[in-house]
Number of protein chains: 2
Amino acid sequence: MFSIGELSRRTKVKVPTIRYYEEMGLLAEAERTSGNQRRYDKAGLERLSFIRHARDLGFSIEAILSLIELQDHPDRSCETATDIAVSQLSDVREKIKRLKLLEKELTRISKGCDGLGVSEDCYVLASLSDHEHCENEH
Amino acid sequence: MFSIGELSRRTKVKVPTIRYYEEMGLLAEAERTSGNQRRYDKAGLERLSFIRHARDLGFSIEAILSLIELQDHPDRSCETATDIAVSQLSDVREKIKRLKLLEKELTRISKGCDGLGVSEDCYVLASLSDHEHCENEH
DNA sequence: TCTTGAACCTCTAGTCACTAGAGATTGTAA
DNA sequence: TTACAATCTCTAGTGACTAGAGGTTCAAGA
Ligand SMILES: [Zn+2]
Ligand SMILES: [Zn+2]
Ligand SMILES: [Zn+2]
Ligand SMILES: [Zn+2]
C-alpha cells in the first residue's frame, strides 16, 4: 500500500490529476487511512498506468471510461474498443491534415517578411488581413 | 452601419463570439443605437475578418492582440509580427510531429484487433495497458 | 514521547476560446 | 399597432486539468 504521492512518482501523473481522475470515475475511490489519506495497491497503479497511457495517446476521458468498463468485463465483445481506437485514429489523421495546411500557409507567411520593415508594409499582417493570399482553405 | 447579426453572417463568426472578442479587447467597443444595440461599419468588418483569419490559422487571442496593436501603429517595426508567426509555425510543426507518432501507434493498435473477440484477449486493451508494446515514445 | 515539516486533505477558482440558456428589451415589416 | 425575430446582459458550462488557501496527518529524528 502506498500514498498518492508515491503513486504519482511511479506513474508521472500529478497528485491533483489523480484526485481529478477519481472524481471523474476513472479510478475507483481509494482506500483510506484512519486519518483519511488515500492508499493504493498494485491494482490502482495498473489502472492509473492504463489511464495515463490512453491519455498520452489522446483518448478522451469519456472514451477511457468506456474502455475501462470493457476491461472490467473480460467476457464481453471488444467491438467497442476497436471502434474507439479507430475513431481516435481518424481524429488524429484529421488533425494532421488540418495542421499541414496551416503549416504551408504559415511557412509562406513567415518567409514573406524578415521583420526589418515597418508594420504598414508587413507581409505577415497583410496575409492575415486577407485570406485571398492563401493557397489553401483551412 | 449594420447589426451584429449581419456582421456575423458576413464573417461567419457567431454572434456570441463577436461579443466575446469585444470583451477580450480584440474588437473596439461598437457604436450603439439609442436602444443599445451594436452597430458596425466597414472598419469593424475588416478587423473581425482579420481576427477570424488569424484564429483560423491557430493564433491565440493573446497573439492576435499583439498583432492588432502593431496594425494600429503603421510606423512601428514589424519584428514582433514575424516573431509571432515564426513561433506559431514552430508550434504547428511540434504538434504535427507529435500527432504523427500517435498516428503510428494508433494504426498498429487498430490493426491489431478486428473487434470480433472478447475483451480479455483484446489487443487494443492490452496495448493501452502497456506502453512496452509501443514503437515510439509519445 | 515530542516536535517538526513534508505530504496530505477539501474546496474554490482559474485556464482557453468559446457556447448555451434565461429573461428582458428593441427593431422592423406587415 | 402588433407580432416576433433579433438583440441585450448575465451566469454557467465545456475539457482536462492546474493553482492556491487553509487546515490536518504522517513519519522520522531528538
Ligand atoms: Zn513584417
Ligand atoms: Zn487563409
Ligand atoms: Zn479487441
Ligand atoms: Zn505507448
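A, B, ... follow the sequence lines: proteins, then strands. Residue 1 opens every chain.
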**OP:** Look at B/Thr33 and C/dT26 and indicate whether a side-chain polar atom (N or O) is within less than 4.0 Å of OP1 or OP2.
**Re:** no
Original post:
Taking NZ, NE, NH1 and NH2 as the nitrogens, is one of them in A/Lys42 or A/Glu46 under 4.0 Å from a carboxylate oxygen of the other?
Top reply: yes
Subject >> C/dT10 OP1/OP2 closer than 4.0 Å to side-chain N/O of A/Arg32 >> reply: yes
**OP:** Evaluate whether atom CD of B/Glu103 has more than 12 neighbouring non-hydrogen atoms of other residues, nucleotides or ligands under 6.0 angstrom away.
**Re:** yes
Subject >> A/Pro16 vs A/Ser34, nearer the 5' end of DNA chain D by closest nucleotide >> reply: A/Pro16
Original post:
Side chain of A/Arg55: nearest nucleotide among D/dA6, D/dA16, C/dC9?
Top reply: D/dA16
Subject >> Cationic N near anionic O, under 4.0 Å, B/Asp72 to B/Arg47 >> reply: yes
**OP:** May I ask you to verify if any side-chain N or O of A/Thr17 is less than 4.0 angstrom from the OP1 or OP2 atom of D/dA16?
**Re:** no
Original post:
Looking only at side-chain N and O atoms, does B/Arg19 come under 4.0 Å of OP1 or OP2 in D/dC8?
Top reply: yes
Original post:
Roughly how many Å is it from CD in B/Glu22 to P in D/dT7, rounded to a whole number?
Top reply: 14 Å
Original post:
Which comes earlier along DNA chain C counting from the 5' end, the contact point of B/Gly35 or that of A/Ser3, where each point is its nearest nucleotide?
Top reply: A/Ser3
**OP:** Answer yes when B/Arg38 and B/Glu29 have at least one side-chain N-carboxylate O distance shorter than 4.0 Å, and no when they do not.
**Re:** no
**OP:** Send over the distance from A/Asn36 CG to C/dT10 P, rounded to a whole Å.
**Re:** 5 Å
Subject >> B/Tyr21 side chain near C/dC18 phosphate (N/O to OP1/OP2, under 4.0 Å) >> reply: yes
Original post:
Roughly how many Å is it from OH in B/Tyr40 to P in D/dA6, rounded to a whole number?
Top reply: 17 Å
**OP:** Kindly say if B/Arg38 contacts the phosphate of D/dT7, meaning a side-chain N or O under 4.0 Å from OP1 or OP2.
**Re:** no
Original post:
Just how far, in rounded Å, is P of D/dC17 from CD1 of A/Ile51?
Top reply: 10 Å
**OP:** Could you state the atom-to-atom distance from NZ of A/Lys14 to P of D/dC17 in whole Å?
**Re:** 10 Å
Subject >> d(CD, B/Gln37; P, C/dT25) in whole Å >> reply: 13 Å
Original post:
Would one find a side-chain N or O of A/Tyr20 under 4.0 angstrom from OP1 or OP2 of D/dG15?
Top reply: no
**OP:** State which of D/dA16, C/dA17, C/dT10 makes the closest approach to the side chain of A/Ile61.
**Re:** D/dA16
Subject >> Aromatic centroids of A/His53 and B/His133 separated by under 6.0 Å >> reply: no
Original post:
Base, sugar-phosphate, or nothing for B/Phe59, non-hydrogen atoms under 4.0 angstrom?
Top reply: nothing
